[in-house]
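Since the structure is predicted, the reported quantities are computational estimates derived from the model, not experimental observations.
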Amino acid sequence: GINAEYGESGESAGNMNGVTLQNATPALKQATGPRDSSPEDWDDEIFDEVDAREIFDLIRNIKDPEHPHSLEELSVVQEELITCNDAESYIDVKFTPTIPHCSMATLIGLSLRVKLLHSVSNRFKVDVRVTPGTHQSEDAINKQLGDKERVAAALENPQLLNMVNQCIWATG
């Protein structure tokens, strides 16, 4: 399960636990600025479909478990890899680990899933998956992230939940 990926204690290879980084010099990109808004954006009387940029804005500042950078800065999440269908209540987020053997990929996916569960209406079915061809264990990771029971069990692990919360709620 997801807990086994980190050990029963929730320990990981990230720098949050003082262990050597897997990818010590990741490529960085400039983060995008906030979306321009208009008064209509804040008018609750106007129907506004959920779109990829809105979802991207929700997840782009999640911090990487190994680096003091956002998932956007590391190009782990990209607006182009998000699909939204408001009419069918479906959101699909693909994420791209910085290296094909990243041991943090499941934790990153779990962080994305938890952030979206807290941020979007429960009418949406949300899929979080590794971008095809970008991780050597993408099928296993996608299976874990797509299994609600395994996700729920992982979040019962206090250490793992703490790591997810550090990624989601970190500032800077």
Side-chain angles (χ1 to χ4, degrees), residues 1-19 21-23 26 28-29 31-32 50 52-84 91-122 124-132 134-135 137-172:
I2 293 175
N3 284 339
E5 175 122 351
Y6 302 97
E8 290 305 311
S9 68
E11 295 297 313
S12 74
N15 72 355
M16 290 181 177
N17 295 311
V19 179
L21 299 175
Q22 284 187 340
N23 184 4
L28 296 176
K29 75 171 201 89
T32 58
V50 173
R53 178 61 195 252
E54 186 173 353
I55 298 304
F56 180 70
D57 285 343
L58 290 170
I59 63 175
R60 67 191 190 107
N61 292 316
I62 294 174
K63 296 298 181 201
D64 183 84
E66 286 190 312
H67 299 282
H69 303 291
S70 72
L71 296 184
E72 177 188 18
E73 291 169 321
L74 294 166
S75 297
V76 172
V77 295
Q78 300 169 43
E79 185 177 351
E80 303 78 40
L81 297 176
I82 299 169
T83 305
C84 294
I91 298 168
D92 179 68
V93 175
K94 292 180 188 72
F95 68 98
T96 307
T98 59
I99 51 176
H101 54 278
C102 176
S103 67
M104 298 286 109
T106 305
L107 177 60
I108 291 168
L110 189 59
S111 297
L112 291 165
R113 177 168 285 293
V114 169
K115 176 68 175 183
L116 291 171
L117 288 172
H118 287 287
S119 303
V120 300
S121 168
N122 63 3
F124 285 94
K125 178 185 185 325
V126 177
D127 283 330
V128 174
R129 299 177 289 155
V130 175
T131 304
T134 64
H135 196 281
S137 302
E138 74 183 74
D139 290 339
I141 293 167
N142 290 342
K143 184 175 180 180
Q144 289 177 344
L145 294 173
D147 185 328
K148 290 181 183 178
E149 289 77 22
R150 289 167 93 172
V151 168
L155 296 175
E156 290 176 6
N157 177 320
Q159 291 85 7
L160 191 53
L161 181 58
N162 183 50
M163 292 170 66
V164 166
N165 284 332
Q166 285 181 44
C167 292
I168 293 173
W169 305 113
T171 58

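Here the side chain of N142 pairs a donor or acceptor atom with the backbone of V130 at under 3.5 angstrom.
By the salt bridge (Lys or Arg N to Asp or Glu O under 4.0 Å) test, K125 pairs with D127, sequence neighbours left out. Taking the side chain to side chain contact (heavy atoms under 4.5 Å, CB included) definition, one finds that T96 meets it with Q78, L81, T131, T134, sequence neighbours left out. Shown here are the salt bridge (Lys or Arg N to Asp or Glu O under 4.0 Å) partners of K115, two or more places apart in sequence or in another chain: there are none. Every residue two or more places apart in sequence or in another chain that forms a side chain to side chain contact (heavy atoms under 4.5 Å, CB included) with P132 is listed here: K94, E138. In this structure R113 satisfies the salt bridge (Lys or Arg N to Asp or Glu O under 4.0 Å) test with no other residue, sequence neighbours excluded.
With rounding to the nearest 0.5 Å, the separation of CD in E54 from OG in S119 is 10.0 Å. Atoms CG and CD1, on L58 and I168 in that order, are 11.5 Å from each other to the nearest 0.5 Å. Here the straight-line distance linking atom CD of E66 with atom CD1 of I99 works out to 6.5 Å at 0.5 Å rounding. Atom SG of C167 is separated from atom CG of N162 by 9.5 Å, given to the nearest 0.5 angstrom.
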| task | Take L116 and I55, measure what side-chain contact (heavy atoms from CB on, under 4.5 Å) needs, and give me the verdict at the end. | result | CA-CA 8 Å; L116 291 171; I55 298 304; 3.9 Å; yes
| query | So V76 and I62, side-chain contact (heavy atoms from CB on, under 4.5 Å) or not? Walk me through it. | reply | CA-CA 10 Å; V76 172; I62 294 174; over 6 Å; no
| message | Test side-chain contact (heavy atoms from CB on, under 4.5 Å) on F95 and L145; report intermediate values, then the result. | response | CA-CA 12 Å; F95 68 98; L145 294 173; 3.9 Å; yes
| said: Run I91 and T83 through side-chain contact (heavy atoms from CB on, under 4.5 Å) and show every step you take. | reply: CA-CA 6 Å; I91 298 168; T83 305; over 6 Å; no
| query | Between D139 and K143, does a salt bridge (charged side-chain N to carboxylate O under 4.0 Å, His left out) hold up when you go through it step by step? | reply | CA-CA 6 Å; D139 290 339; K143 184 175 180 180; over 6 Å; no
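Counting only heavy atoms from C-beta outward, the side chains of P65 and I108 approach each other to under 4.5 Å. Residues L110 and L155 form a side-chain contact, since some pair of their non-hydrogen atoms from C-beta on lies under 4.5 Å apart.
Scanning all heavy atoms of the two residues, the minimum distance from H135 to P97 falls at CD2-CG, 3.8 Å. Here the closest non-hydrogen pair linking A105 and I141 is CB-CD1, 3.6 Å.
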